[in-house]
Protein chains: 2
Amino acid sequence: MIETAIFKALADPTRCAIFEKLAAGGMNASALRQGMAISQPAMSQHLSVLRNAKLVREQRQGRFVNYEVDPEGLALIAGWLARYRAYWPERIDALKLLLKDMDP
Amino acid sequence: MIETAIFKALADPTRCAIFEKLAAGGMNASALRQGMAISQPAMSQHLSVLRNAKLVREQRQGRFVNYEVDPEGLALIAGWLARYRAYWPERIDALKLLLKDMDP
DNA sequence: CTGATACATAAGCGCATGCTTATGCGATTC
DNA sequence: GAATCGCATAAGCATGCGCTTATGTATCAG
């Protein structure tokens, strides 16, 4: 189950923060560490987990590795969420925001 | 972070299966166990985790406890997802399906 | 009241997980 | 070529997590 891997990846607050930081703009692993009180190997391991979960993808640039959000992971979460749309109507405020500027 | 609790709850495949089963219709804990090769205490513990994550809610009926999907958890996931809609356009097939029969 | 049922909780155990330190490896700089 | 930088990986350790068995509590049946 790929969704399980995604949820497992996001279950760690540090990885959640890394993903959120990457969502603000792609950057390399060292830049990600700035202001995050995390060791270099730990960051590397977290990025590996996020990468396997399709939440993040890499792009080598010389000796740097630029990381960015991988839309595939988000699409998979959306797909999972879609299976339960029968339960949305009771509270879809966030959902309405979510689909506001899509498919107008 | 409540979203972290939600992702942590869904990170376990057994809990994911329990949630999926409940999505097909509310039922009590014993009925949930049918065909799931899981002990009664384990089920109770899983339901507790799902309940704390707002993914499931309970409703006592005599000595039975009927469980059902709590839309709030799904709405929270949708809210989390909405924060990253900047990355959707690359692959929104699932999302389009998702919002098809909403707010027409 | 007695027993059974539905469920929750406590305690303990094995395994996964996230961290650390240490090391390796390719790319850049001098 | 030597030193350095950016990153990955290995090994070890402490904690968390999901399971088990055992027990507690509330509801129902007789």
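Remember, predicted model here, so these are calculated numbers, not experimental data. Heavy atoms only: backbone and side chains are in, while hydrogens, waters and symmetry mates are out.
- The NZ atom of B:K8 sits 11 Å away from the C1' atom of C:dT17 (whole-angstrom rounding).
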Sub-3.5 Å pairs of nitrogen or oxygen atoms, protein against nucleotides 28-30 of chain C:
none

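- For the pair B:Q45 CD and C:dA8 P, the interatomic distance rounds to 10 Å; values are reported in whole Å.
- With contacts defined as side-chain heavy-atom distances shorter than 4.5 Å, the pair B:P71/B:R57 qualifies.
- At a threshold of 4.5 Å between non-hydrogen side-chain atoms, the residues A:E68 and A:L22 do not count as touching.
- At a threshold of 4.5 Å between side-chain heavy atoms, the hydrophobic network of Ile, Leu, Val, Met, Phe, Trp and Tyr places B:V65 and B:F19 in one connected group.
- In this model, no side-chain donor or acceptor of B:Q40 finds a partner on the base of C:dT5 within 3.5 Å.
- Counting all heavy atoms, side chain and backbone alike, A:I6 lies closest to A:A53 at CG1-O, 3.3 Å.
- Per the geometry, OH belonging to B:Y67 stands 11 Å off C1' belonging to C:dA6, to the nearest Å.
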Only distances under 3.5 Å count here; give the side-chain donor-acceptor pairs of residues 77-84 of chain A to other protein atoms, sequence neighbours excluded, each with its distance to 0.1 Å.
unit_1: A:R83; atom_1: NH2; unit_2: B:E20; atom_2: OE1; d: 3.2
unit_1: A:R83; atom_1: NH2; unit_2: B:E20; atom_2: OE2; d: 2.5

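- Side-chain contact between B:S44 and B:R33 is absent, with no heavy atoms from C-beta onward closer than 4.5 Å.
- If you take CZ of B:R60 and C1' of C:dA6, they are 8 Å apart, rounded to a whole angstrom.
- Regarding A:L47, its CG atom lies at a distance of 13 Å from the P atom of C:dG18, rounded to whole Å.
- Checked by atom type and distance alone, the side chain of B:D70 never pairs as donor or acceptor with a backbone atom of B:G73 at under 3.5 Å.
- For the pair B:K21/B:M36, a side-chain contact is recorded, criterion being any heavy-atom separation below 4.5 Å from C-beta on.
- When side chains are defined from C-beta on, A:Y67 does not count as touching A:Q59, because their heavy atoms never get closer than 4.5 Å.
- A:L47 places a side-chain heavy atom less than 4.5 Å from the side chain of A:L32.
- Non-hydrogen atoms lying under 4.0 Å from DNA chain D are contributed by B:D12, B:T14, B:R15, all within residues 11-34 of chain B.
- When DNA chain D is scanned 5' to 3' for any atom under 4.0 Å from a heavy atom of chain B, the first and last hits are D:dC17 to D:dC28.
- Counting heavy atoms from C-beta on, the side chains of B:V49 and B:R15 come closer than 4.5 Å.
- When the C1' atom of C:dA8 is taken as reference, atom CZ of B:F64 falls 16 Å away, rounded to whole Å.
- Counting heavy atoms from C-beta on, the side chains of B:V69 and B:L55 never come closer than 4.5 Å.
- Annotation: salt bridge (Lys or Arg N to Asp or Glu O under 4.0 Å) contacts involving residues 38-48 of chain B, sequence neighbours excluded, are absent.
- Across the helix from C:dC1-D:dG30 to C:dC30-D:dG1, the helix axis at one end is tilted relative to the axis at the other end by 20° (nearest 10 degrees, each axis from five pairs).
- Taking the nucleotide of DNA chain C with the nearest heavy atom to each of A:I38 and A:P41, the more 5' of the two is matched to A:I38.
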